[in-house]
Amino acid sequence: MEITKMILVFIGFIMFFLLLNKLEKSETLNSELIRKILHIGSGFGGLALPFIFEKKSSVIILGAIFLLVLISIRLIKNRIAGFRKVLETKNRKTFGDIYFIISILGLWIVSSENKIMYSLPLIILMFSDAFAALIGEFYSKYKFDTGFGTKSVEGSVTFFLTTYFICINFFLFFSNIKSINIVLVSLLLSILAMILEMISWNGLDNLFVPFFVYLFLKLNLYLAAGELTYKFGVIIILLTIIILNRKKTTLTKVAQTASLFFLYIVMIIGGIKWGIPPLIMYLGYYHFTPKVKGQVKDSLKGLLTIAFTTSMWLALSIIMNKDKMFLIYIFSFSLFFGIINLIRDNAGNIYRETFRMNFLMGSIFKAAVFFLVNYFILSRILNFKMLAGIAVLISGGIFIYETSMKIFYIFEKENELSGESKVFLTSGIVFTCSMLLLGIGML
């Protein structure tokens with residue numbers, strides 16, 4: 001019986017796909033509209049799974065077959081390659097369809113028994129994402145560059161409003177939580193999901209948004225109103241800081257928005273203690289590092305690289321020694337601060353291939369001050385091996401960065417590395433030095 005259901009569902013999907021392919025060839029509908037019809041149709045298929053299949057394995061096998069079909073359409077040339085137009089537009093190459101199937105499979109595995117936890121992430125992905133994309137495609141006036149592509153203010157607002165409407169009604173009809181909780185959960189989820197969708201790229205919102213919604217519901221749905229109010233207060237305070245500081249930063253607007261998301265997640269998971277170092281860096285680097293004339297705005301890509309390199313220590317603190325992970329966490333921000341000071345100083349240096357020891361020492365000093373301020377306020381952990389390692393690795397990391405850049409400029413006198421490339425290099429150095437510090441801490 002399960003095999004028969006699998007065959008019927010597969011045939012239904014193929015017929016739906018062939019119909020959309022015919023519409024694409026006839027140019028009856030806009031290609032973006034066809035993609036969103038596929039998006040919503042696939043979502044309805046995903047929502048129907050708990051009512052069709054009794055065994056998890058049936059859906060896993062069916063999902064694997066769908067993935068093979070979608071990957072084949074992308075890889076095989078000639079006639080079958082024509083189907084790719086249903087999955088992509090001329091100006092936008094994504095793997096969103098593949099991520100969508102992975103999301104359905106992942107949600108099915110972790111939450112198929114709980115229809116709220118399974119259904120709501122899919123409904124938000126189906127409608128909020130589709131409506132945002134269509135409004136952005138046909139009615140947008142205010143567009144912004146994310147560093148990975150272009151999105152619109154109208155699309156993001158549509159995503160927020162649609163998600164809020166879905167959440168309010170879903171919780172009213174399918175949950176027993178209090179009205180104030182419904183409002184707070186819906187607001188928080190809508191704001192955070194909108195930001196996550198805004199900073200996603202190449203269709204990864206189809207993966208990030210549903211799993212984030214699932215985790216958010218898992219952690220917040222049944223919290224007391226007081227706890228939800230605190231979390232909402234945190235995001236309002238952070239939003240106020242971002243707005244007030246918007247002219248005292250070199251970040252693009254979308255990178256500033258991503259900073260809000262990063263700071264919020266860090267504070268909620270780790271507490272205020274873990275949120276202070278990135279907040280000091282966010283507010284302080286503009287004021288305490290050299291000013292650069294004609295500064296090119298720092299992109300979302302660079303911010304995400306810094307966020308990943310530092311937040312991994314918060315994640316590791318859940319399973320390893322919290323005190324040691326926090327020291328490494330402070331160290332990583334301190335080293336970033338020192339190298340950023342060097343990057344901004346070198347931007348105005350016409351003798352790029354020569355060492356300037358006084359500026360090198362100045363960057364080391366600022367990184368050390370950054371560490372000591374955070375250490376004495378937040379930590380005071382007496383681990384002499386790690387503290388000695390931090391002193392050596394701050395100096396060593398900054399010296400390695402400066403040496404790398406001098407070597408580059410000796411061979412490439414007429415060329416300049418982009419700001420993103422410098423941040424990627426910095427992140428590699430910070431990651432390596434942080435791993436060395438972890439090794440010292442484990443000795």
Side-chain angles (χ1 to χ4, degrees), residues 9-10 13-14 16-17 20 31-49 59-76 83-112 117-134 136-137 146-151 155-156 159 162-163 166 189 192-218 258 261 300-301 304 308:
V9 169
F10 183 75
F13 176 80
I14 294 299
F16 177 56
F17 197 85
L20 293 179
S31 58
E32 182 66 21
L33 182 58
I34 288 174
R35 283 184 64 249
K36 292 310 167 185
I37 292 173
L38 174 65
H39 186 88
I40 293 174
S42 300
F44 275 119
L47 288 174
L49 294 177
V59 176
I60 294 170
I61 293 169
L62 189 61
I65 293 170
F66 282 143
L67 285 174
L68 285 173
V69 170
L70 292 172
I71 292 169
S72 298
I73 287 172
R74 291 175 177 281
L75 295 179
I76 299 174
F83 290 132
R84 294 171 94 178
K85 293 181 180 180
V86 178
L87 306 176
E88 300 175 340
T89 62
K90 291 180 180 179
N91 300 322
R92 193 178 175 203
K93 310 299 181 185
T94 79
F95 296 97
D97 50 299
I98 293 173
Y99 299 140
F100 197 109
I101 299 298
I102 293 172
S103 292
I104 292 175
L105 281 176
L107 290 170
W108 174 262
I109 290 169
V110 298
S111 65
S112 58
M117 303 295 285
Y118 175 74
S119 301
L120 186 57
L122 282 182
I123 293 171
I124 289 173
L125 182 60
M126 286 165 59
F127 293 108
S128 299
D129 182 70
F131 291 164
L134 292 174
E137 178 75 13
T146 66
F148 300 99
T150 302
K151 295 197 177 185
S156 295
F159 189 98
T162 307
T163 302
I166 290 169
L189 182 53
L192 294 170
M194 176 193 69
I195 295 173
L196 188 58
E197 190 278 337
M198 188 189 300
I199 63 177
S200 300
W201 65 96
N202 293 342
L204 277 168
D205 52 330
N206 287 352
L207 198 62
F208 292 160
V209 170
F211 284 117
F212 174 78
V213 172
Y214 169 79
L215 288 171
F216 181 90
L217 293 175
K218 193 86 172 171
F261 185 86
L300 174 62
K301 293 178 184 178
L304 292 176
F308 173 78

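Here the structure is a predicted model, which means the values were calculated and not measured.
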Would you compute the distance between atom [atom1] of [X] and atom [atom2] of [Y] and round it to the nearest 0.5 angstrom?
X	Y	atom1	atom2	answer
I65	I60	CD1	CD1	12.5 Å
S200	L300	OG	CG	9.0 Å
L49	S119	CG	OG	10.0 Å
M117	K218	CE	NZ	5.0 Å
M126	N206	CE	CG	12.0 Å
E197	I124	CD	CD1	12.5 Å

Grab the two heavy atoms, one from [X] and one from [Y], that are nearest each other, plus how far apart they are.
X	Y	answer
F211	L207	CD1-O, 3.1 Å
S111	Y214	CB-CE1, 3.6 Å
P121	L107	CB-CD1, 3.8 Å
D205	P210	O-CD, 3.5 Å

Which residues share a side chain to side chain contact (heavy atoms under 4.5 Å, CB included) with F127, sequence neighbours left out:
I40, F44, I123, F131, T162, I166
Not counting sequence neighbours, which residues clear side chain to side chain contact (heavy atoms under 4.5 Å, CB included) with L105? List them please.
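Scan of L105 (side chain to side chain contact (heavy atoms under 4.5 Å, CB included), adjacent residues dropped) gives V59, L67, I101.
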Ring pair (Phe, Tyr, Trp, His ring centres under 6.0 Å) partners for [X], two or more places apart:
X	value
F216	none
F212	F261
F66	F10, F13

Return the set of residues passing side chain to side chain donor-acceptor pair (under 3.5 Å) with S128 (not counting sequence neighbours), or none when no residue passes.
T163
